[in-house]
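What follows is a set of notes on a single structure, which appears directly below.
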Amino acid sequence: MTKYEQRLQEVFNFTRAEIAVLCVLLLRGPQTPGELRGRSERLHRFEALEDVQSAIQKLMQREPPLARVLARQPGTKESRYAHLLAGGLMGEEARRRLRRFRAIRRMRSALRVLKKKWRNCARELSDIKDQMERFRKQFE
């Protein structure tokens, strides 16, 4: 941690609070201020949530911004924050398209399995019909 912390200090002149927030965001993805406070305890002790929010605000006000607030998800009471060090975040529409694409792939895969089972059932039914026809001919 020391080696990287020194480099961050030299290049970005971060405070320890900003480094802690960025590290947790990089490791764990989008987080609420409460999650950031709890998960950064070993890197930096935040006395209050306002201290976490202050560190996030500083990251958001840099040029270019290094963090951003995400749209609040339905059913949640707190907004989540994410880092922007990897060139921005995937938009919600892109995320929906990706989920849809993955769902379609799963459905296609399931459809292939069902088609194979159907062909096997059709083959077995044909075999049973043939056996029944041979059996019936024995009694004619």
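Treat the numbers as computed from the prediction; the structure is a model and nothing was measured.
Going from atom NE2 of His83 over to atom CD1 of Ile56 covers 13.0 Å, rounded to the nearest 0.5 Å. With values rounded to the nearest 0.5 angstrom, Arg123 atom CZ is found 10.5 Å from Trp118 atom CH2. For the atom pair CG (Leu22) and CG (Leu27), the distance works out to 10.5 Å, reported to the nearest 0.5 Å. Leu66 CG to Phe12 CZ: the interatomic distance, rounded to the nearest 0.5 Å, is 6.0 Å.
In this structure, the side chain of Arg16 does not engage the main chain of His44 through any donor-acceptor pair within 3.5 Å. Without hydrogens or angle criteria, Arg37 side chain to Glu47 main chain gives a donor-acceptor distance under 3.5 Å. Panel note: side chain Ser109, backbone Arg105; no donor-acceptor pair is recorded below 3.5 Å. No side-chain donor-acceptor contact under 3.5 Å links Arg80 to the backbone of Leu70.
Counting heavy atoms from C-beta on, the side chains of Arg134 and Asp130 come closer than 4.5 Å. Using a 4.5 Å heavy-atom cutoff, the side chains of Ser54 and Lys58 are in contact. In this structure, Val52 and Leu36 have side chains that are in contact, with non-hydrogen atoms separated by less than 4.5 Å. The shortest side-chain heavy-atom distance between Gln31 and Leu25 falls under the 4.5 Å cut-off. With contacts defined as side-chain heavy-atom distances shorter than 4.5 Å, the pair Leu59/Val21 qualifies. Side-chain contact between Phe46 and Ser40 is present, with at least one heavy-atom pair separated by less than 4.5 Å. Two residues are said to be in side-chain contact when any heavy atoms from C-beta on lie closer than 4.5 Å; Glu18 and Arg62 meet this criterion.
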**Request:** Could you walk me through whether Leu111 and Met107 pass the side chain to side chain contact (heavy atoms under 4.5 Å, CB included) test, one step at a time?
**Result:** CA-CA 6 Å; Leu111 184 59; Met107 285 188 274; over 6 Å; no

**Prompt:** Between Met60 and Gln57, does a side chain to side chain contact (heavy atoms under 4.5 Å, CB included) hold up when you go through it step by step?
**Reply:** CA-CA 5 Å; Met60 291 172 62; Gln57 288 301 319; 4.0 Å; yes

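When all heavy atoms of Glu78 and Gly34 are compared, the pair lying nearest together is OE1-N, 4.3 Å. Among all heavy-atom pairs drawn from Val24 and Arg39, the shortest one is CG2-O, 3.7 Å.
A salt bridge does not link Glu35 with Arg28: none of the charged nitrogens is closer than 4.0 Å to a carboxylate oxygen. A salt bridge links Glu41 to Arg45: at least one charged side-chain nitrogen sits closer than 4.0 Å to a carboxylate oxygen.
Only one option out of Lys137, Arg136, Gln131 pairs with Glu133 in a side-chain hydrogen bond (donor to acceptor under 3.5 Å, both in side chains); it is Arg136.
Between Gln73 and Thr76, the side chains place no donor N or O within less than 3.5 Å of an acceptor N or O (distance only, hydrogens not considered).
Tyr81 and Leu49 end up in different hydrophobic clusters when Ile, Leu, Val, Met, Phe, Trp and Tyr side chains are linked at under 4.5 Å.
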